[in-house]
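Contents: one structure, followed by commentary.
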Amino acid sequence: SSMSFFKAFVNLHRNDISLHLISLAWRSFSIICMTGCFSVLSVCVCVHRRLFIFRRNWRTFVDYTTQSGSGVGGGSMSIWMCICLSECLLTVFLSLSPWLPQLQSHVLSLLSLSLTVKFVNCGQGGLVQFECSNPSDFHIEADGVVYALRPLTASTLRAVPLVIVARDETNQQQWQTQVRLTPPIGQSQQVPLSQGLQEIWFPSRQTDSSSVGQLKRMKRDWVIPPINVPENSRGEFPQDLVRIRSDNDKNRSLRYSVTGPGADQPPTGIFIIHPISGELSVMKPLDREHISNFHLRAHAVDLNGNQVESPIDIVINVIDMNDNRPEFIHQIWNGTIPEGSKPGTFVMTVTSVDKDDPKTANGMLRYKIVSQNPESPTSNMFTINNKTGGIITVAAGLDREKVPQYTLIIQATDMEGNPMYGLSNTATAVIKVTDINDNPPEFTAETFFGEVPENRVNVIVANLTVTDKDQPNTPAWNTVYKITGGDPTGRFSVPTDPTTNEGLVTVVKPIDYEISRTYVLTVVAVNEVSLARGIHSPRQSTATVSIRVIDVNESPNFEPNPKLIKLEEGMQPESALTTFTAQDPDRFMQQTIRYTRLSDPANWLRIDPNTGHITTIAVLDRESPYVKDNMYSATFLASDSGIPPASGTGTLQIFLLDINDNAPHVYPQETEMCEKPEPNGFNITALDGDLSPNAGPFAFELANRPSDVRRNWTITRLSGDFAQLSLKIGFLESGIYEIPIIITDSGNLPMSNTSYLRVKVCQCDHNGDCTDQQHIVAAGLGTGAIIAILLCIIILLILVLLFVVWMKRRDKERQAKQLLIDPEDDVRDNILKYDEEGGGEEDQDYDLSQLQQPDTIEPDAIKPVGIRRMDERPLHPEPQYPIRSAAPHPGDIGDFINEGLKAADNDPTAPPYDSLLVFDYEGSGSTAGSLSSLNSSSSGGDQDYDYLNDWGPRFRKLADMYGGSDD
């Protein structure tokens with residue numbers, strides 16, 4: 001009653017320091033009275049055990065007084081000593097008085113009055129006001145310290161969460177946090193315990209007192225039996241499993257906890273333990289297929305968090321329930337089995353899995369066949385091993401040609417196949433009956449016919465068709481054709497068409513109609529693989545092929561081809577060589593053969609068109625460029641008279657034997673040497689177009705003429721093919737010397753020839769090389785080249801001279817034109833001569849001949865004087881005016897003008913300048929207006945003629961007349 005009064009009194013007057021002193025004095029008096037019956041020894045023991053409570057409560061009290069606005073000054077030291085003494089005595093009393101637990105709880109909760117809520121303003125600096133969600137039980141100060149306004153039980157603390165709101169007074173922005181409240185440390189509560197719950201005790205510890213230094217010896221950890229929890233539990237949660245106990249909780253307060261997956265590790269929240277009672281509970285249904293077991297560790301600590309017991313391992317096994325159906329790995333299973341298989345032949349294995357525990361009946365599966373489609377020849381062609389799922393045959397009669405495929409419905413059931421309690425699922429097994437070679441190929445006809453022209457190869461003669469009931473495009477269906485008779489020489493083959501499986505009778509070697517007109521082949525058809533055991537080839541697997549050969553016009557054949565003959569060269573024209581004929585293989589056709597020359601490179605031969613007799617038309621020369629390795633080849637054509645005609649070619653090869661028909665000549669033909677040669681000789685040889693023995697060895701000899709050859713030169717034979725030409729004198733002037741050398745070969749009837757060796761003698765340097773111009777000419781240019789160069793130079797000079805003359809002439813003409821007239825006033829190009837027209841219809845009495853040019857009047861056309869008009873020009877001989885040259889010299893211009901002036905003065909026919917000249921009369925009554933109407937001054941006065949200035953100098957005067965001003 002006194003404690004209740006004290007708490008109420010403090011709640012009403014918590015800010016008054018005098019009330020604190022009174023409450024502390026009252027508490028001290030009450031404690032002293034209750035502890036008077038205990039001995040000093042008990043006090044000492046209790047102080048030793050509960051010293052930590054004293055320290056904590058001391059700090060709590062200091063915080064409490066500080067938050068209440070009271071300070072601890074130097075004048076209140078006696079009060080604080082009283083508080084310390086009373087706290088120590090109270091602690092000892094409560095520890096030694098188990099019959100007063102409620103009093104201890106009230107006192108400890110009273111001393112634990114506050115907690116601090118901190119708020120971080122992130123540097124904003126605004127004023128923050130705190131509010132709590134339960135102002136009737138708690139109060140929060142401006143600095144964040146939360147106080148309890150009344151005693152609270154553990155159930156009350158866990159029932160309603162405490163929410164703290166921080167509000168900014170400037171912008172009214174607010175934040176909130178939640179405070180988790182737990183009973184204060186040291187408070188012992190009466191927790192209701194579940195009845196009949198299995199308890200798990202921590203293994204006890206024993207101390208070996210005989211050990212020196214108080215060494216502790218611990219018992220071996222107990223083996224905790226696993227805890228079995230059924231999966232998919234539908235009971236209420238949390239569901240208690242076991243109770244964790246320690247023998248140390250009899251004399252102190254302990255706190256229990258568990259760690260591990262399912263507790264404080266993912267997945268969290270599955271298992272929890274009551275910290276005081278140690279009851280371990282599961283919070284939700286478990287799934288064995290997800291996690292089959294949990295390994296937790298249980299811990300026991302005192303109120304200070306010190307480990308009291310060694311952690312123990314707790315294994316929680318999730319008990320399997322039949323909550324999963326069997327699942328086939330594949331919904332459709334494919335298998336094969338050869339047709340004709342015997343009963344007991346393995347087909348395939350189907351597999352199903354169950355997520356339940358395979359060690360229990362929940363995961364033990366059994367298989368069975370539900371249905372078979374089609375049910376032919378029986379409804380039970382297959383069976384299945386109910387444990388392994390292996391499918392085998394149980395009946396004979398599998399025939400792919402009748403039933404190519406079976407479909408089975410397979411059922412898998414757990415609970416060892418119990419149809420009442422087990423869960424089932426189905427899958428489909430598709431079994432294909434594979435083909436074996438139990439059907440041989442059979443020809444569609446006994447005899448096949450075909451025909452082929454002779455001498456044709458790679459030609460299809462006939463198509464052989466077969467039927468085979470086996471599966472197409474398999475080795476048991478693919479057919480191989482073999483010729484077993486009628487073709488001893490192997491002229492035919494029968495390959496297989498891969499698409500149609502037909503046999504293609506093909507000619508692989510030429511067939512001669514003259515040898516055999518028909519062929520009868522025996523062909524056998526088999527498969528790529530052998531027939532199944534017990535199956536034999538029927539008679540229909542063999543057929544006959546009759547082939548008729550068609551005669552065609554064949555080409556004549558030369559025999560032999562090519563034909564080789566040997567002849568000596570030098571045969572004269574019209575010499576008979578040989579007869580080259582061809583044979584016509586068409587013995588049953590009466591035909592004639594004609595021969596023509598197809599290729600004759602040297603044009604040496606001629607062939608008779610009827611007999612094939614070959615003669616020469618030119619001399620055969622082995623040294624001809626058309627002869628290669630002494631062999632000359634010519635090709636001839638033989639054509640028959642068939643329809644259409646056929647032709648064949650033959651080659652005649654003539655091996656020409658050498659005769660001595662070529663004289664030798666010196667080699668090299670040119671050489672050079674120094675004026676003072678050292679050495680003074682050089683080697684020469686001879687070339688002969690003939691072959692040995694008509695060539696070397698050669699005989700060399702200097703000719704007798706000119707006489708200075710033998711005087712200056714000498715020749716010495718070195719071998720059969722080489723000789724040395726030496727200079728007898730020590731010095732020879734530079735120049736070109738032609739030395740005649742007589743060379744004779746060694747043929748039967750030897751041939752001699754005088755060859756000229758051209759020796760160029762030149763001045764040499766110390767190295768023996770020519771240095772004069774003749775050496776350069778001899779080494780580079782010949783006489784013809786030098787003459788060509790000179791001609792080119794002369795032609796070039798003539799062209800340059802002509803160009804210069806033309807340029808001077810052009811300059812003279814330009815100067816002459818400038819002296820005669822000004823180019824701007826030159827209007828000669830505008831003076832045109834036209835025909836004159838006669839008078840009009842009323843002017844028929846006039847002589848129109850006067851309108852003609854004077855130089856065109858003939859003498860006999862002159863009229864009498866009496867009928868001539870008075871204004872006509874008198875008919876007198878015209879004076880001879882001087883003729884101006886085409887290109888007069890500028891100095892003759894003045895003479896030309898003077899001569900023209902004299903001729904005009906002496907001309908009696910020249911009219912005076914002021915006389916009236918009548919040029920034409922066209923009559924009267926013209927519809928045209930008078931020419932006087934062409935008044936240029938009035939008609940064109942308003943027209944702009946300035947554009948005439950742009951037409952050039954010849955229109956400049958006209959522009960001045962019409963385009964100028966009135967002046």
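Residue numbers run from 1 in the order of the sequence given.
Asn304 places no side-chain N or O within donor-acceptor distance of the main-chain N or O of Asn306, the cut-off being under 3.5 Å. Of the possible donor and acceptor atoms, one in the side chain of Tyr367 sits under 3.5 Å from a partner among the backbone N and O of Ser352. The main-chain N or O of Lys355 is found under 3.5 Å from a side-chain atom of Arg288 such that the two form a donor-acceptor pair. Arg325 places a side-chain N or O within 3.5 Å of a backbone atom of Ser424 that can act as its donor or acceptor partner. Checking side-chain atoms of Asp320 against main-chain N and O of Asp357 turns up a donor-acceptor pair under 3.5 Å.
Inter-residue side-chain proximity for Glu289 and Glu231 is flagged as met; some heavy-atom pair is nearer than 4.5 Å. Between Phe237 and Val282 there is a side-chain heavy-atom pair separated by less than 4.5 Å. Between Asn418 and Glu416 there is no side-chain heavy-atom pair separated by less than 4.5 Å.
No donor-acceptor contact under 3.5 angstrom links the side chains of Glu279 and Ser281, judged on distance only. For the residue pair Asp356 and Asn324, a side-chain donor N or O sits within less than 3.5 Å of a side-chain acceptor on the partner.
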request  = Dump the intermediate steps for side chain to side chain contact (heavy atoms under 4.5 Å, CB included) on Leu280 and Val258, then the final yes or no.
outcome  = CA-CA 8 Å; Leu280 180 63; Val258 291; 4.1 Å; yes
task = Carefully, step by step, assess Leu303 and Arg255 under the rule side chain to side chain contact (heavy atoms under 4.5 Å, CB included).
result = CA-CA 7 Å; Leu303 297 179; Arg255 294 294 181 264; 3.6 Å; yes
key: Worked check of side chain to side chain contact (heavy atoms under 4.5 Å, CB included) between Met415 and Met364   = CA-CA 6 Å; Met415 299 299 292; Met364 296 181 180; over 6 Å; no
request  = Go through Val308 and Arg252 one step at a time and tell me if the side chain to side chain contact (heavy atoms under 4.5 Å, CB included) criterion holds.
outcome  = CA-CA 10 Å; Val308 178; Arg252 71 176 78 178; 4.1 Å; yes
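Among the candidates Asp313, Val315, Ile316, the single residue satisfying the side chain to side chain contact (heavy atoms under 4.5 Å, CB included) test with His295 is Val315. Paired with Thr351 under the rule side chain to side chain contact (heavy atoms under 4.5 Å, CB included), one option of Leu365, Thr388, Ile329 passes, and it is Ile329. The only option from Ile410, Thr407, Val350, Asn334 that meets the side chain to side chain contact (heavy atoms under 4.5 Å, CB included) definition with Thr428 turns out to be Thr407. Test Gln174, Gln129, Gln176 against Arg167 for side chain to side chain donor-acceptor pair (under 3.5 Å) and you get one pass: Gln174.
The two residues Asp414 and Pro326 have their closest heavy-atom pair at N-CG, 3.9 Å. Shown here for Phe138 and Leu162, the closest heavy-atom pair between the two residues is CD1-CD1, 3.9 Å. Ser310 and Gln307 make their closest contact through CA-NE2, 3.4 Å (heavy atoms, listed as atom of the first residue, atom of the second, distance). Across Trp333 and Thr349, no two heavy atoms sit closer than the pair CZ3-O, 3.6 Å. When all heavy atoms are compared, the tightest approach of Cys132 to Ile164 is CB-CD1, 3.7 Å. Shortest non-hydrogen contact noted between Met283 and Gly269 is CB-O, 3.4 Å.
Ile270 CD1 to Ile291 CD1: the interatomic distance, rounded to the nearest 0.5 Å, is 5.5 Å. Between the NE2 atom in His299 and the CG atom in Leu254 there is a gap of 14.0 Å [rounded to 0.5 Å]. Separation of atoms OG (Ser253) and CD1 (Ile276) is listed at 8.0 Å; rounding is to 0.5 Å. Remark: Ile384 CD1 to Met348 CE distance equals 8.5 Å, nearest 0.5 Å. Distance check: Asn322 CG to Tyr421 OH gives 12.5 Å after rounding to the nearest 0.5 Å. Considering CG of Asp264 and CG of Leu296, their distance stands at 8.5 Å, rounded to 0.5 Å.
Heavy atoms from other residues, nucleotides or ligands lying under 6.0 Å from CE of Met321 number 12 at most.
Ring geometry, Phe271 versus Phe294: the interplanar angle exceeds 60°, so the pair is classed perpendicular (tilted spans 30 to 60°).
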